[in-house]
Asker: 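Starting off with a structure, shown below.
Please read these numbers as outputs of a predicted model, since none were measured by experiment.
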Amino acid sequence: PTGQYFKNLIDGVLAIYRGMRLTLIYMFKPKVSEIYPDVKRPLPQRFRGRFAFLYDKEDGNMLCIGCYACVKVCPPQTIVMETHKGEDKKIKVDSYDINIGECISCANCVEVCPVGALEMTHEFETATFEQNELLYDMHMLAKYVEKPNMYLPPEPAKAAKAPKK
């Protein structure tokens with residue numbers, strides 16, 4: 001019984017020694033932390049932050065065609081869109097709202113969009129104290145782009161002509 005007591009005591013002292021030794025070693029090494037608000041780490045190219053609702057910079061028209069594909073594919077159902085048929089028989093988007101607080105940044109909406117009207121940005125600082133500030137409309141999500149990110153299917157390969165015999 002006494003031998004076990006001293007063994008436990010020595011093990012405890014050794015554990016404290018190892019922990020304090022490691023602490024003292026790192027205390028005098030140069031610091032590796034970054035000053036976050038001033039120095040931001042570069043994000044990976046495929047980082048998925050808040051998404052943007054794209055508009056054509058030349059004419060200011062939105063790229064969205066109101067197909068509701070993004071609304072249907074959204075897992076938490078955070079996207080709400082309202083449309084109407086215009087005089088030219090084309091669908092016009094009246095409102096496009098999303099609750100960023102409930103969005104899981106899965107990018108399904110971006111992938112399913114047939115015209116590339118949505119894009120994931122590198123913006124991730126969307127924290128707020130008020131929950132109603134997390135409700136974004138199409139004007140708050142607006143991003144004007146030089147060259148629209150239109151999805152164009154690849155041109156079919158031309159069939160090679162068989163040599164004449």
Asker: Could Lys40 and Glu125 be called an ion pair, given the rule that one side-chain N must be under 4.0 Å from one carboxylate O?
Answerer: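 Counted as a salt bridge, because a side-chain N and a carboxylate O are separated by less than 4.0 Å.
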Asker: When clusters are formed by joining ILVMFWY residues with side-chain heavy atoms under 4.5 Å apart, either directly or through shared neighbours, do Met120 and Leu118 land in the same one?
Answerer: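 Shared cluster, yes.
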Asker: Let's go through Leu134 and Thr128 carefully: what are the C-alpha distance in whole Å and the side-chain angles of both, what is the deciding distance for side-chain contact (heavy atoms from CB on, under 4.5 Å) to 0.1 Å, and is it a yes or a no?
Answerer: CA-CA 8 Å; Leu134 295 172; Thr128 180; 3.6 Å; yes
Asker: Linking I/L/V/M/F/W/Y whenever any side-chain heavy atoms sit under 4.5 Å apart, do Met138 and Ile91 land together?
Answerer: no
Asker: Quick one: salt bridge (Lys or Arg N to Asp or Glu O under 4.0 Å) pairs with a partner in residues 89-108, sequence neighbours left out?
Answerer: Asp88-Lys92
Asker: In the hydrophobic clustering (ILVMFWY, side-chain contacts below 4.5 Å, transitive), which residues join Met27, or is it alone?
Answerer: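 Result for Met27 is Leu24, Phe28.
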Asker: Output, in order, the C-alpha distance, side-chain angles, deciding distance and verdict of side-chain contact (heavy atoms from CB on, under 4.5 Å) for Thr126 and Tyr136.
Answerer: CA-CA 11 Å; Thr126 56; Tyr136 284 52; 4.0 Å; yes
Asker: Going by heavy atoms in the side chains, are Glu123 and Phe47 under 4.5 Å from each other?
Answerer: no
Asker: Find out whether Arg50 and Ile100 are in side-chain contact, i.e. whether some heavy atom of one side chain is under 4.5 Å from a heavy atom of the other.
Answerer: yes
Asker: Any pair with a residue in residues 94-116 that passes ring pair (Phe, Tyr, Trp, His ring centres under 6.0 Å), sequence neighbours left out, goes on the list, sorted by first then second residue, please.
Answerer: Phe53-Tyr96
Asker: Can you find a pair of side-chain heavy atoms, one from Leu141 and one from Asp137, that are under 4.5 Å apart?
Answerer: no
Asker: To the closest 0.5 Å, what do you measure between CD1 (Ile104) and CG (Asn108)?
Answerer: 7.0 Å
Asker: Filter on salt bridge (Lys or Arg N to Asp or Glu O under 4.0 Å), then keep only pairs touching residues 3-22, sequence neighbours left out; what's left?
Answerer: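 Sorted result for residues 3-22: Lys7-Asp11.
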Asker: Share the residues that join Phe6 in a hydrophobic cluster, the rule being Ile, Leu, Val, Met, Phe, Trp or Tyr side chains under 4.5 Å apart at the heavy-atom level.
Answerer: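 Under the 4.5 Å side-chain rule, Phe6 groups with Tyr5, Leu9.
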Asker: Less than 3.5 Å apart, which donor and acceptor atoms pair up between the side chains of residues 65-82 and the rest of the protein, not counting sequence neighbours?
Answerer:
unit_1, atom_1, unit_2, atom_2, d
Tyr68, OH, Met81, O, 3.3
Tyr68, OH, Thr83, N, 3.4
Tyr68, OH, Thr83, OG1, 3.1
Gln77, NE2, Cys74, O, 2.6

